[in-house]
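Down below is the structure, laid out as structure tokens.
Hydrogens, waters and symmetry mates are skipped; everything else that's a heavy atom, side chains included, is used. Just so we're clear, the structure is a prediction, and the values are computed from it rather than from any experiment. All chains are named by letter (A, B, ...) in the order of the sequence lines, taking the proteins before the strands, and each is independently numbered beginning at 1.
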2 protein chains.
Amino acid sequence: MGVTLKEVAALAGVSRSAVSRTFTPGASVSAKTRAKVEKAAKELGYSPNALASSLTTGRTKLIGLISNNFHNPIFLEVFDQFTRALQERGLRPLIVNLTDETEPANSVRMLRQYSVDAVIVASSTLPPSFAKAFHDAGVPVVHTFGRSATSPEVHVVGIDNVECGRMAARELVSRGYASVGYLGGPIDATSARDRQRGFTEEMANHPHVPVSHSFAGAYSFEAGRAEMLRLLAGDPAQAYFCGDDILSIGALSALADHGLKPGSDIGIIGLNDMEMSRWEYINLTTIHQPIKQIITASVDLVEEMLKTPDRYPEARIFPCRVIERGTLRPRP
Amino acid sequence: MGVTLKEVAALAGVSRSAVSRTFTPGASVSAKTRAKVEKAAKELGYSPNALASSLTTGRTKLIGLISNNFHNPIFLEVFDQFTRALQERGLRPLIVNLTDETEPANSVRMLRQYSVDAVIVASSTLPPSFAKAFHDAGVPVVHTFGRSATSPEVHVVGIDNVECGRMAARELVSRGYASVGYLGGPIDATSARDRQRGFTEEMANHPHVPVSHSFAGAYSFEAGRAEMLRLLAGDPAQAYFCGDDILSIGALSALADHGLKPGSDIGIIGLNDMEMSRWEYINLTTIHQPIKQIITASVDLVEEMLKTPDRYPEARIFPCRVIERGTLRPRP
DNA sequence: AAAAATGGTGCAATCGGTTGCAAGGCATTT
DNA sequence: AAATGCCTTGCAACCGATTGCACCATTTTT
């Protein structure tokens with residue numbers, strides 16, 4: 001089916017090496033042979049077989065992109081950015097959907113079979129052991145949206161979740177809410193626990209304000225809604241820090257059920273600042289996570305690992321900031 | 001870095017062929033050698049290099065998954081389903097993000113370089129020429145969410161957009177709306193035009209009901225909102241068929257700006273029935289598109305093409321149905 | 001004009017597998 | 001006991017590329 005090097009070489013009347021070199025940037029070919037080869041290649045519609053060349057070069061330009069987060073709308077933006085950033089640099093994303101998978105072994109084997117040059121673990125809910133498993137198998141890895149503290153062995157890119165928790169707490173306190181709650185993602189996700197920790201730490205400076213905690217079953221609309229409905233059935237706090245915009249939006253829908261107006265009746269602050277949060281009738285006050293910078297940095301790091309395989313592991317942490325919209329009451 | 005066939009053969013004390021055959025289902029190996037090889041393989045942590053074997057077998061199990069639709073939340077579901085369906089069958093999705101790309105040539109070359117076994121074009125806005133380009137390059141292709149009429153050369157899986165247009169028109173008429181409008185996606189998308197055609201055809205049976213048409217710039221929230229704001233500034237119809245749920249949701253947000261209640265003040269019916277449309281405070285009446293069936297059928301078709309490369313092209317069209325929620329007024 | 005440096009080219013080995021073919025081993029048949 | 005057939009195995013060629021090395025033709029230096 002495909003045209004091969006050999007056929008081009010035959011048509012151009014040169015050796016296979018010459019053809020190979022024509023398509024290898026930086027190789028030594030004279031203008032004359034290059035012209036002959038390019039003419040023949042165009043005529044035949046030749047393009048080099050990347051997989052065959054990977055055999056000798058040891059590079060496939062394939063990057064494993066693994067995630068388990070296909071229900072949070074923020075991941076539309078994440079996938080869009082990742083796929084574009086990778087292909088802009090001539091790298092190809094090989095997607096692995098890890099939903100319902102708890103064991104790294106399978107994906108490690110699978111991605112090694114395809115000789116990926118590196119792996120990006122894009123998830124805040126996969127345990128650090130996943131990234132670690134790739135590292136141990138000798139595959140360069142960066143954990144995007146990962147936790148820096150517990151994985152000093154792999155590259156991590158993301159935000160300081162503890163600091164975000166503090167930031168949310170400060171914001172709620174500054175609005176004068178008399179009781180606050182944390183409504184986090186799944187309790188086994190490091191991101192959910194770190195955000196809680198920061199929130200609790202900061203609230204400890206305000207002992208007169210009671211703090212409650214709860215965790216939704218997933219980072220999803222339904223989980224956020226269900227958890228907020230449960231809270232509303234009891235004795236809810238005056239304001240909540242939801243661990244993710246999608247939880248916030250679920251919570252907002254629960255408030256609507258009870259005829260409560262976000263902001264004035266119950267305050268909500270989210271985290272992520274995804275596109276949807278800007279929608280007029282959601283209009284969520286939230287902590288902006290710089291997705292674009294995080295993804296660019298992740299891909300940068302991938303490229304650098306390809307150049308320097310034994311690169312010393314590093315955490316790239318980006319600051320977040322509060323985006324004020326309509327779901328918190330004004331400062332007194 | 002990786003363990004090779006040769007090393008396993010050496011350790012097991014057999015030829016390379018024996019090792020290869022042990023890992024090739026259906027090859028002839030005695031129980032004894034198989035045992036020796038498997039022991040050695042486990043000891044070394046060997047797993048075969050899929051790319052190297054593709055050289056001789058001509059199969060990579062790589063499937064190009066190309067789309068330009070990273071702003072419509074329905075694609076979260078689409079990507080989730082596609083990646084899972086593919087990997088369940090031992091196939092690997094290689095994603096190509098075609099946003100802002102108008103020329104098929106690049107992606108064709110790129111995917112041929114990686115010797116993908118087949119390509120899935122998952123988009124209702126990419127012109128048929130994309131799928132066609134892969135077909136012409138000798139790459140098996142299925143166009144999911146494609147238009148069956150104009151691409152008899154490639155496999156198409158999806159819905160009958162014209163019929164959906166009719167269905168929407170019938171629904172609006174049955175609710176007794178005295179004027180109706182079509183608010184479609186980008187005018188160069190076949191899906192937008194086909195839905196319009198069906199809508200117009202059906203409305204022709206009701207000449208007393210005036211019909212208007214407009215097209216949003218994209219299948220996106222912002223585009224739907226902007227277009228509806230424009231309509232509201234003039235003399236809006238009593239009900240609209242929006243060519244996609246995401247347009248509907250944008251339109252709903254525009255209604256909210258004007259203090260209009262969907263259903264009673266202005267009717268909206270969408271198309272897709274994405275997860276979000278079920279959210280309580282969206283609660284969109286819409287036409288359900290059977291995403292799961294469409295994707296399963298697409299992957300089935302891919303598998304069948306791998307077995308029978310010269311398969312006669314075929315269209316698999318799935319019926320849709322109206323899901324009644326809260327954005328149309330009740331039947332009189 | 002001779003010697004040295006430079007740049008271009010082809011040969012052949014190699015990457016990690018697969019597979020057609022022929023030979024060997026063993027059990028079954030006559 | 002010889003002949004037949006079936007399995008199993010290893011050899012060696014091949015898949016489509018890359019690359020170290022040696023060789024050759026130029027050009028530059030002296």
Side-chain angles (χ1 to χ4, degrees), chain A residues 1-38 40-41 44-62 90 92 109-117 138, chain B residues 1-38 40-41 44-62 109-117 138:
Chain A
M1 195 185 77
V3 183
T4 75
L5 198 66
K6 199 157 60 173
E7 305 172 46
V8 177
L11 179 60
V14 297
S15 74
R16 283 150 60 225
S17 328
V19 179
S20 171
R21 287 193 255 259
T22 304
F23 289 95
T24 308
S28 145
V29 220
S30 69
K32 202 162 54 175
T33 32
R34 152 156 282 136
K36 279 196 291 186
V37 170
E38 278 173 351
L44 261 39
Y46 170 77
S47 70
N49 180 330
L51 269 21
S53 74
S54 82
L55 256 190
T56 39
T57 59
R59 287 235 169 309
T60 54
K61 303 201 166 209
L62 250 25
R92 296 273 151 317
R109 191 163 32 72
M110 167 193 312
L111 286 176
R112 284 192 19 143
Q113 285 186 346
Y114 280 88
S115 321
V116 293
D117 286 348
Chain B
M1 192 186 79
V3 183
T4 75
L5 198 65
K6 200 156 61 173
E7 304 172 46
V8 177
L11 180 60
V14 297
S15 74
R16 283 151 61 224
S17 327
V19 180
S20 171
R21 287 192 255 259
T22 304
F23 289 96
T24 308
S28 147
V29 220
S30 69
K32 203 164 49 175
T33 32
R34 152 156 282 137
K36 279 196 291 188
V37 170
E38 277 172 352
L44 262 39
Y46 170 76
S47 70
N49 180 330
L51 268 21
S53 75
S54 81
L55 255 190
T56 38
T57 61
R59 286 236 168 310
T60 53
K61 303 200 168 210
L62 250 24
R109 190 162 33 71
M110 167 192 311
L111 287 176
R112 284 194 19 147
Q113 286 186 344
Y114 281 88
S115 323
V116 295
D117 287 348

**Prompt:** Rounding to a whole Å, what distance do you find between A:Lys36:NZ and C:dG10:C1'?
**Reply:** 12 Å
**Message:** Which heavy atom of A:Arg112 sits nearest to which heavy atom of B:Gly45, and what is that distance?
**Reply:** NH2-O, 4.0 Å
**Request:** Using a cut-off of strictly less than 4.0 Å, decide whether B:Tyr46 has a side-chain nitrogen or oxygen near OP1 or OP2 of C:dG17.
**Result:** yes
**Item:** Within residues 13-21 of chain B: residues closer than 4.0 Å to DNA chain C (heavy atoms)
**Value:** B:Arg16, B:Ser17, B:Ser20, B:Arg21
**Message:** With a 4.5 Å cut-off on side-chain heavy atoms, are B:Glu38 and B:Thr22 touching?
**Reply:** yes
**Minimum heavy-atom distance B:Ser20-B:Leu5, with the two atoms named** = N-CD1, 3.8 Å
**Prompt:** Between CG of A:Leu55 and CG of B:Leu55, what distance do you get to the nearest 0.5 Å?
**Reply:** 5.5 Å
**Backbone of B:Val29 reached by a side-chain donor or acceptor of B:Arg21 within 3.5 Å** = no
**Asked** Looking across every strand, which nucleic acid part, if any, lies under 4.0 Å from A:Ser54 by heavy atom: base, sugar-phosphate, or nothing?
**Response** nothing
**Prompt:** Looking at five pairs on each end of the helix from C:dA1-D:dT30 to C:dT30-D:dA1, what is the angle between the two axes, given to 10 degrees?
**Reply:** 40°
**Asked** CZ of A:Arg34 versus C1' of C:dG8: gap in Å, rounded?
**Response** 12 Å
**Item:** Any donor-acceptor N/O pair, A:Asp117 side chain to A:Arg59 backbone, under 3.5 Å
**Value:** no
**Asked** Quick one: does B:Tyr114's side chain have a donor or acceptor within less than 3.5 Å of a partner on A:Thr60's backbone?
**Response** yes
**Asked** 5'-most contact on DNA chain D: B:Ala52 or B:Val29, nearest heavy atom basis?
**Response** B:Val29
**Asked** Closest heavy-atom contact between B:Ala50 and B:Ser53?
**Response** O-OG, 3.0 Å
**Message:** At less than 4.0 Å, is any side-chain N or O atom of A:Ser28 found next to OP1 or OP2 of C:dG8? Yes or no.
**Reply:** yes
**Prompt:** In whole Å, what is the span from the CG atom of A:Leu5 to the P atom of C:dT9?
**Reply:** 15 Å
**Asked** Rounding to a whole Å, what distance do you find between A:Leu55:CG and C:dT14:C1'?
**Response** 10 Å
**Prompt:** If you check the A:Ser30 side chain, which of C:dT9, C:dG16, C:dT18 turns out closest?
**Reply:** C:dT9
**Complete:** From CG of A:Asn49 across to C1' of C:dC15 the rounded distance in Å is 13 Å
**Message:** Quick check against the 3.5 Å criterion: does A:Ser30 have a side-chain atom that pairs as donor or acceptor with the backbone of A:Thr33?
**Reply:** yes
**Asked** Roughly how far, to the nearest 0.5 Å, is the CG atom of B:Leu62 from the CG atom of B:Leu111?
**Response** 9.0 Å
**First-last contacting nucleotides on DNA chain D - partner chain B, under 4.0 angstrom, heavy atom** = D:dT8 to D:dG16
**Check: B:Ala27 main-chain N/O paired with B:Thr24 side-chain donor or acceptor under 3.5 Å** = no
